[in-house]
Each structure stands twice: as C-alpha cells, then as structure tokens.
Amino acid sequence: MKKKLISLIARSVGACAGKGLLPDVDLSRIEVEVPANPEHGDYASNIAMVLASQARQNPRKIAQAIQENLDDPEGIVEKTQIAGPGFLNFMLKDDVWRSVLKDILDQKDRYGCLPAGSGKKVQVEFVSANPTGPLHIGHARGAVVGDVLCNLLAATGQQVSREYYINDAGNQMNNLGRSVLYRLRELAGEAVEFPENGYRGDYIREIAGDIFKKEGSRFRDENEEETIQRFNEAAGAVILDGIRKDLRDFGVTFDCYFSERELYRENGVGRLLDELQKQGFIYSDGETLWFKTTDYGDDKDRVVIRKNGEPTYFAADIAYHANKFSRGFDLLIDIWGADHHGYIPRLEAAIQAIGRPREDLKIILVQLVNLLRAGEPVAMSTRSGEFVTMREVLDEVGRDAARYNFLMRRSDSHLDFDLEVAKKQSNENPVYYVQYAHARICSILRTAQERGMTLPDFPAIRPSLLAEAEERTLIKMMARYPEMLEGAAKTLEVHRITFYLNELAAVFHGYYNKYKVVTQDAALSNARLVLVAAVREVLKNALGILGVGAPEKM
RNA sequence: GCGCCCAUGGCUCAGCUGGAUAGAGCGCCAGACUACGAAUCUGGAUGCCGCAAGUUCGAAUCUUGCUGGGCGCACCA
C-alpha cells in the first residue's frame, strides 16, 4: 500500500517538475507513514516539507501542486488533504481496505511474505557457545533472537543459512578436559585439589562417571597432555549433543555446525595469514605477528600469532569469516552477547582487509539477561556451576512463554526475566494475551460451524457491512502487517513483531467484547466471520515467525 | 584513563530511522459475564522524554558537552 502511494507521489512530483512547478529532486527521499492520529488520514507524506528547503518554496504550496497533479489510475485514493505545516494526507477508499481481507484469505500463510529468493543470500551465526557446559539463560535469548531473525528474513524473501560456530580449539577446551580428568581422579580415590579455573558443574562429574565406568583408571597409564586432549574431545562431544537437543526442544535448529578445528585442517588459518602478510596487513615485531586493525579504525593493532607460536582466537575468526564469504553469502549477520562489543572494530577491520565492504557484516548485540525469581535476582556463574540452564527455563516456564518473553524487548536493551512471572498463566504474561485472541477466534468459528454456518468465500460477503470503527481499525492493522514485517527485516528488529501482535490482539479483544460475530443476521455474520478469520490468519502467521504456538484451545 | 550501550509516568518498556496532541503493559481506583471462552473488556490519575547548548519549517529521535548507570579495554574465548 505504501509503495503504491509512493509511486503516485513520485509521478506527481515528476509531472510538477515537467511543468516547471518544482525542480528535479531526489525521489528516493519520499516517505509515507501511518499517522498517529487517524484524523490525519490513512497515510501521510512529508514530501512537501522535504522539498521545501530544496525548492525554496512554501511547503503548503508545494503540497498543493503535488495534490493537483496526482494521477490515480487504480482509483485507490478517496481524498487527499493538506494539513499542518505541509503534510499531504491520504484517505483511501473503503474497497481498498476490504480487499485486504481477500488478500489474506487467498494468500493464507504467505500473506505478508515476499517471494522466496527475491532477496539476498544471508548467513546468520548465533549461539556459538563453547561446548564446555550446558546453555544458560543468556544463550537462550541469543538463540531465540537469532532463530526469529532467520524466520523473519526467510519470510521476507532472503535465502537464509543458520550457523553455529563451535569454538573447540583453545584454552577453554583444555580446561574442560582437565576438569574431567580431576573428577576422574577423585572417583579413582585420589585426593586432588580441583583446578582454580576448572568447570565445577555437576555435568562434569557425570561425564567423568561415564568414563570411569567404561575404562576405569586407564588414564594413569597415559601421558597427561594426551589424556586431557582425549577428554576434551569426548566431553565436548557429549556436551554439544546436549546443547543440540536443548536447542531443538526450544525450537531452534541450525543448517550448519561449523567447527573451529575445521579451520586448522590443512593449515587454513596459516595460509590466510600468509596472504594477508603479503598484502601488508600483518607485520612481525620479531616474536609475535600483529594485524594492522588500526588501518580501519581500531584503537590498537591486534596479535594474531602469539609469542609461543600459537594463533589467537582472533586469527581463527578472520579465517572463519573469510571462509563464510567464500561460501557465497552476500551478507553475514553475527549475533553476540553485548559483553563482546569491544571486539567489533577488529572484526570489521578484518573483513575489510579481506576485501569486503563493512556493510557486508552486521553484528547484533544481545544484552545480558537478569534472571529473577519473584523479583529477587538469581546468582549466575558458569565456572562455579551455579547457573540456571536453558533446559531448566524451558521445563519450568514452557517454550512459548520463554520465547515470547525474550522477544518483548529490543535486543540491545537489558531484559529482566522473572521465572515466576513467566510461568504464570495470567494477564501478567503477554504471550497468553495473544494466544488467547487466536484461540477465541477458533472458538467463534467452531460455534458458527455448530450453528450450521460455514466460512463464506470473500466474494459471497457484503464487505460494506463491516462499517464499525473497530472493524476498520482491524482491517487497517492487518493491511500494515506486510509493511511491519519488511521494516522489522530491514532494521533486524524482531521485537517489532511482538509489539504488533500485542496491538492486533488488543484491538480484536476490544472488538469481541463490543460486538457479536455470530448473530441472527446471516449477511452480517458472514462478513464478520471473514473478518475474524483474517485476523486469525495474521495472528497465526506472526506467531509462526516467532516460533510460538497458535493454539485452537487453551 | 579510553571506548561502546543505555537514560521516556510509581515499576517494566515501545516510540515505525526528524513529523502533527509522547504511547502500551503492570500496579492503583471504579465498573462489565443467564453473552461467540472474563487468560477478556470499559473508564480514571500519573510525564521539564537525565541536564545544557546547537542543527531546522519541526527534536524523545541528529551533533557537542556534562551528570548518572551497565559493559568492555588479553599474546582468554
């Protein structure tokens, strides 16, 4: 709808320019929006004010010229008006609005979506937690935001690949193997002092227990370094399996799990560093190799090969992102915990050094979650093993409520997650508000069916019967749904979907309490059944993108 | 010390990339089921949009400075 109006305005401005009324201007700056106040029309454009400074004319005069030169071959505009400092307001014909109902019922679960393959090839990397322990609640937020973003991008035509990067080469993994070894020694009856920076969670004891059952004290006959390496891999595999299962139960799946070790096979990291050194991005100070990230705005250069000859995490990450691009993606999106924000400049520097514009990598920071129980903070620390896992949250509050709660804030804003509130099935918990609207409509349709009515085809109803203010509001809100999705996809802001859903559900609940859908008047009932069926479809589609269920009964 | 993010009713937060009278939910007060589901609805009170300048037709939104809070600042990942 917006697009149609923009092209109407663009043609009018062009016509004005042709007549010498206006200078030629940049048409890409035409904006159309939905005014906050319905009296200001269905849509409004600020074009005249934008042009005023360029054209050095009174904005109202410009608006008038545009208004007079509007050519509306499809006949969608009922009337226009000039208001305020120079807004051009549009009222659309009722038929235009009612045709939205037809679109929704025709397109069903594709309503609001753009054709597959019409967009870019995008890769989204998210979660990417080290397989050193189960996922906790902070990972859960990143998982949901990433998953929903992928759904959203796919719905708006992008070709999306979901990826989990496994940091399985490095010190953290050695800690894991060592932690297992020490628990195993305890089981074998040795008196040991557990390493300071070891992982203390119970899952380590379980893994050690399994190994002990299988092989007893075999570790005593082995070289310690080799044993740790062996336990790293064994424990990492077990933990990663658990992570995959938790994610799957949370509704999050990946197309690819990419192992950091993969990068080191056939010396991929080394070869890339050599290449960059040839190009002058890497220099040596005799002992270590440095990447000149300051060339691209970082505040200092970064080490890629340590004094001891080992590559840093950053070195691997450069190779990893080069690898991603080599797989043909137009756009990479990384989702990180906000505590990693200091890492952004160096990675942006790196992707520019490997020959990509900065816009080809977008990094979404997800703020940390404050976990509460009935208002009281819950202490969390991975190392000490005192933390609430994603699994526990899932079991306690359920998938739908947990996911919805993570989507109620902008991702860069802190989130208080209260377990008691999230599991309450009450009005404090917005997920049920939206789901209830859906279930209610299903109930209405069941009732209609019991009374012998069937959902009529759109052409069979008299759309002019939908004349109540609430009905018009519902229709207009549903007409905005595709625009909302596009905006959310463009800005990568998934929370917009949640807010939209709350608003649509609110308008519906208000309508429901005021008017009856199934009445003695068959024609009116038919029209209203079509309306609420359309609302149900939009609710279901949006909930589907959020990965939240749309129950028919609750 | 340097850098990034945040600051909007009592609380938790939106505010569609600069628009018209700043909005929701929770909480508080008062009401609505012999009704297609009351997990719902209707009405009411609450705001120097942290402070101060600047940019312009127009600022919660952009710029700069300050205040206050969070997070980073490894040859960890």
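All chains are named by letter (A, B, ...) in the order of the sequence lines, taking the proteins before the strands, and each is independently numbered beginning at 1.
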Return a single string for nucleotides 15-20 of chain B, one symbol per nucleotide in 5' to 3' order, where B is base contact, S is sugar-phosphate-only contact and - is none, cutoff 4.0 angstrom on heavy atoms. SBB-BB

Per atom distances to the A:Tyr512 side chain, the nearest of B:G37, B:C6, B:C75 is B:G37

Using the ring of each side chain (for Trp, its six-membered ring), is A:Phe499 parallel, tilted or perpendicular to A:His495, with breaks at 30° and 60°? perpendicular

Could you write nucleotides 68-74 of chain B as a row of B, S and -, 5' to 3', where a protein heavy atom under 4.0 Å of any base atom gives B, of only sugar-phosphate atoms gives S, and otherwise -? --SBSSS

Whole-Å distance, A:Leu347 CG to B:A77 C1', equals 14 Å

Using a cut-off of strictly less than 4.0 Å, decide whether A:Arg440 has a side-chain nitrogen or oxygen near OP1 or OP2 of B:A38. yes

Is A:Ala439 touching bases, backbone alone, or none of the nucleic acid, heavy atoms closer than 4.0 Å? base

Given B:A14, is OP1 or OP2 found less than 4.0 Å from the side-chain N or O atoms of A:Ser413? yes

Output field dot_bracket for RNA chain B (Watson-Crick or G-U, both distances under 3.5 Å, | for other-strand pairs) contains (((((.(..((((.....[...)))).(((((.......))))).....(((((..]....)))))).)))))....

Kindly confirm or rule out a cation-pi arrangement of A:Arg141 over A:Phe417, judged by NZ or CZ under 6.0 Å from the six-membered ring centre and within 45° of its axis? no

Side-chain N,O (A:Tyr511) to OP1/OP2 (B:C36) below 4.0 Å: no

Assess whether a salt bridge exists between A:Asp42 and A:Lys476, defined as any Lys/Arg side-chain N lying under 4.0 Å from an Asp/Glu carboxylate O. yes

Within the 4.0 Å heavy-atom criterion, would you say A:Tyr432 contacts the bases, only the backbone, or no part of the nucleic acid? base

Nearest to the side chain of A:Thr447, which nucleotide is it out of B:U40, B:U12, B:C36? B:C36

Test side-chain hydrogen bond (donor to acceptor under 3.5 Å, both in side chains) on A:Tyr320 and A:Glu163 and set out the steps. CA-CA 12 Å; A:Tyr320 177 44; A:Glu163 186 150 316; 2.7 Å; yes

